[in-house]
Amino acid sequence: MNLLKKHWFPALLVLLVVVVVAYQLGSSDKAGEKVMPVRSGENLGWQAPSLYLDNELEGEARDMVIYGEELIAHTSKYLGPKGTVAQISNGLNCQNCHLDAGTRNWGNNYGAVSSTYPKFRDRSGGLETIPKRVNDCFERSLNGEALDTTSKEMQAIVAYINWLGKDVAKGEKPKGSGIRELTYLERAADPVKGKIIYQAQCQSCHGANGEGMMALDGSEYSYPPLWGEHSYNSGAGLYRLSRFAGYIKDNMPFNQATHKLPTLTDEEAWDVAAYVNSQPRPKKDLSGDWPDISKKPVDHPFGPFADGFSEQQHKFGPYGPIVAARKAQAANKK
């Protein structure tokens, strides 16, 4: 009895553990249910490699990948208006559009870049390399100047992107890479409805006037501006409504919505994209884009077009009639 009094607390802990384990074992088959193990990576799609687990990446190659990740995550600190290396961009970071330094599933990640580049792109009408694609972002999304392709910074960014895609077979585009394509609405996306959604779901981070929220040290944005002089220009990929709506649906509000647990409906995502992209922003000379105008996406908002539909409908939709007309044109040519 004295021994029990002396060691009552450990004995109580052991008893509690026994009770909990017994309960879990007993409940696992409750009502005929089976406890199924969760398999690593199941239905998760592409997963970025880990620097902590990559024991083959060493020396200068590892340093370049680490520097490339830093440049993607904090572009403005190195290449923004107050950049320590150069001042060639608008203050946004690459990861403002390519979430988690380009590693988040359905977050406009880089999972399929290394496996699919170089490739022919209809927008430029030519074969594009990864450096060319990176500079497209500098000139469009970052509304700045092209980065010297021989620079350490470009080499580091390319090294990082290639490392991210090192386990993806050439020519493959794994599930979860890039941005998901939403089903087109049967109506035009509505900026008026989108404004209401923006005020309720987006304004607290991105500002009433889309101005974003600057970090305390003033070197980069914690939340990027969505319109105005410091935002992406009219040539950026997210200026296409289908790209922006898919991005919003799976990722916004930031760190609240996910691909599996979205906050907004499809219609809300389309409408808020329409509102944001109807606001003023820097212009880009697009005269060299889409040399074959028949290849323009249905939501490219600038003419001329080969299908006879207006710029207004190409920007906001509905896109179904455009798709149907193009299919009919293609069938008539056969």
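All values below were derived from every heavy atom in this structure, side-chain atoms included, with hydrogens, water molecules and symmetry-related copies excluded.
- With hydrogens and angles left out, the side-chain atoms of Asp299 and Tyr239 include no donor and acceptor closer than 3.5 Å.
- Other residues, nucleotides and ligands contribute at most 12 non-hydrogen atoms within 6.0 Å of the NZ atom of Lys195.
- Proximity of Ser141 to Leu92: side-chain heavy atoms (C-beta onward) are nowhere separated by under 4.5 Å.
- Taking the charged nitrogens against the carboxylate oxygens, Asp289 and Arg140 do have a contact shorter than 4.0 Å, which makes a salt bridge.
- With contacts defined as side-chain heavy-atom distances shorter than 4.5 Å, the pair His230/Pro225 qualifies.
- Residues Cys97 and Leu238 share a closest heavy-atom pair of SG-CD1, 3.8 Å.
- A distance-only check finds no donor-acceptor pair linking the side chain of Ser294 to the backbone of Ala306 [under 3.5 Å].
- Closest approach of Cys137 and His98 over heavy atoms only: SG-NE2, 4.2 Å.
- Interatomic distance, CG of Asp285 versus OG of Ser234, reported as 9.0 Å (0.5 Å rounding).
- For the pair Arg180/His259, a side-chain contact is recorded, criterion being any heavy-atom separation below 4.5 Å from C-beta on.
- Linking Ile, Leu, Val, Met, Phe, Trp and Tyr whenever their side-chain heavy atoms come within less than 4.5 Å puts Leu182 and Val298 in one cluster.
- Counting heavy-atom neighbours within 6.0 Å of Lys119 NZ, excluding the residue itself, gives a total above 12.
- The backbone N or O of Ala328 lies less than 3.5 Å from a partner atom in the side chain of Asn332, making a donor-acceptor pair.
- In this structure, Glu229 and Pro280 have side chains that are not in contact, with every pair of non-hydrogen atoms separated by 4.5 Å or more.
- Ionic pairing of Lys152 and Asp63 is not present here: no N-O contact between side-chain nitrogen and carboxylate oxygen is shorter than 4.0 angstrom.
- The CG atom of Leu99 sits 5.0 Å away from atom CG of Asn251, with the distance rounded to the nearest 0.5 Å.
- Smallest separation of non-hydrogen atoms from Arg123 and Pro291: O-CD, 3.6 Å.
- In this structure, CZ on Phe138 lies 6.0 Å from OG1 on Thr75, to the nearest 0.5 angstrom.
- Residue pairs meeting the side chain to side chain donor-acceptor pair (under 3.5 Å) criterion with at least one member in residues 48-62, sequence neighbours excluded: Asp54-Trp163.
- Inter-residue side-chain proximity for Tyr232 and Asn143 is flagged as unmet; no heavy-atom pair is nearer than 4.5 Å.
- Checked for salt-bridge contact, Asp271 and Arg187 meet the test: a charged N lies under 4.0 Å from a carboxylate O.
- Put simply, the side chain of Asn135 gets close to the backbone of Leu147: a donor and an acceptor are under 3.5 Å apart.
- Summarising the geometry of Met213 relative to Ser204, their closest heavy-atom pair is CE-O, 3.8 Å, with the distance given to 0.1 Å.
- Hydrophobic clustering places Trp46 together with Val65 (ILVMFWY residues linked when any side-chain heavy atoms are closer than 4.5 Å, directly or through intermediates).
- Two residues are said to be in side-chain contact when any heavy atoms from C-beta on lie closer than 4.5 Å; Pro297 and Arg240 meet this criterion.
- For the pair Ser76 (side chain) and Asn93 (backbone), a donor-acceptor distance under 3.5 Å is absent.
- No side-chain donor-acceptor contact under 3.5 Å links Gln279 to the backbone of Val276.
- Of the inter-residue distances, the one linking Asn162 atom CG with Ser114 atom OG reads 4.0 Å to the nearest 0.5 angstrom.
- Proximity of Ser115 to Lys173: side-chain heavy atoms (C-beta onward) are nowhere separated by under 4.5 Å.
- Listed for the Gln87 side chain is a donor-acceptor partner under 3.5 Å among the backbone atoms of Gly83.
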Problem set entry | Intermediate values then yes/no, salt bridge (Lys or Arg N to Asp or Glu O under 4.0 Å), Asp217 and Lys82 | CA-CA 11 Å; Asp217 64 3; Lys82 300 178 182 179; over 6 Å; no
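- Remark: the Thr103 side chain and the Asn109 side chain contain no N/O donor-acceptor pair separated by less than 3.5 Å.
- Side-chain N or O atoms of Asn108 include none that pairs as donor or acceptor with a backbone N or O of Ile179 at under 3.5 Å.
- Judged purely by atom type and a 3.5 angstrom limit, Asp136 has no side-chain atom pairing as donor or acceptor with the backbone of Ala236.
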For this session: Could you walk me through whether Tyr198 and Lys193 pass side chain to side chain contact (heavy atoms under 4.5 Å, CB included), step by step?
Result: CA-CA 9 Å; Tyr198 179 87; Lys193 292 181 178 179; over 6 Å; no
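- Put simply, CG on Asn105 and CG on Asp250 are 10.0 Å apart, with the number rounded to the nearest 0.5 Å.
- Met64 and Leu51 are members of different hydrophobic clusters when ILVMFWY side chains are connected at heavy-atom separations under 4.5 Å.
- A donor-acceptor pair is defined here as one N or O able to donate and one able to accept, closer than 3.5 Å; no such pair exists between the side chain of Ser177 and the backbone of Gly111.
- Rounding to the nearest 0.5 Å places CD1 of Ile72 at 5.5 Å from CD1 of Ile161.
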Problem set entry | side chain to side chain contact (heavy atoms under 4.5 Å, CB included) between Val134 and Met154, intermediate numbers included | CA-CA 8 Å; Val134 170; Met154 177 62 84; 3.9 Å; yes
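- Without hydrogens or angle criteria, Ser278 side chain to Tyr275 main chain gives a donor-acceptor distance under 3.5 Å.
- Aromatic ring pairs are classed by plane angle as parallel below 30°, tilted from 30° to 60° and perpendicular above 60°; the pair His300 and Phe305 is perpendicular.
- The six-membered or imidazole ring of Phe244 lies away from that of Trp227, with a centre-to-centre distance of 6.0 Å or more.
- By the 6.0 Å contact criterion, CZ on Phe309 is enclosed, its count of non-hydrogen atoms from other residues, nucleotides or ligands being greater than 12.
- Ring planes of Tyr160 and Tyr110: perpendicular class, angle over 60° (limits at 30 and 60°).
- Within the 4.5 Å cutoff, side-chain heavy atoms of Leu185 are placed close to those of Glu267.
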For this session: May I have the step-by-step check of side chain to side chain donor-acceptor pair (under 3.5 Å) for Tyr78 and Glu70, ending in yes or no?
Result: CA-CA 9 Å; Tyr78 299 91; Glu70 176 73 5; 2.9 Å; yes
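- No donor-acceptor contact under 3.5 angstrom links the side chains of Ser151 and Gln155, judged on distance only.
- Grouping the Ile, Leu, Val, Met, Phe, Trp and Tyr side chains by contacts below 4.5 angstrom, directly or via other members, places Leu164 with Val168.
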For this session: List the steps and the verdict of side chain to side chain contact (heavy atoms under 4.5 Å, CB included) for Val272 and Gln201.
Result: CA-CA 10 Å; Val272 76; Gln201 299 284 358; over 6 Å; no
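- Under the 4.5 Å side-chain heavy-atom criterion for ILVMFWY residues, no single connected hydrophobic cluster contains both Leu264 and Trp270.
- Remark: Glu128 does not engage Arg133 in a salt bridge, criterion side-chain N to carboxylate O under 4.0 Å.
- The number of heavy-atom neighbours closer than 6.0 Å to NZ of Lys170, taken from other residues, nucleotides and ligands shown, is above 12.
- Each of Lys296, Lys295, Arg326 was scored for a salt bridge (charged side-chain N to carboxylate O under 4.0 Å, His left out) with Asp307, with one residue passing: Arg326.
- A side-chain N or O of Glu153 and one of Tyr67 form a donor-acceptor pair less than 3.5 Å apart.
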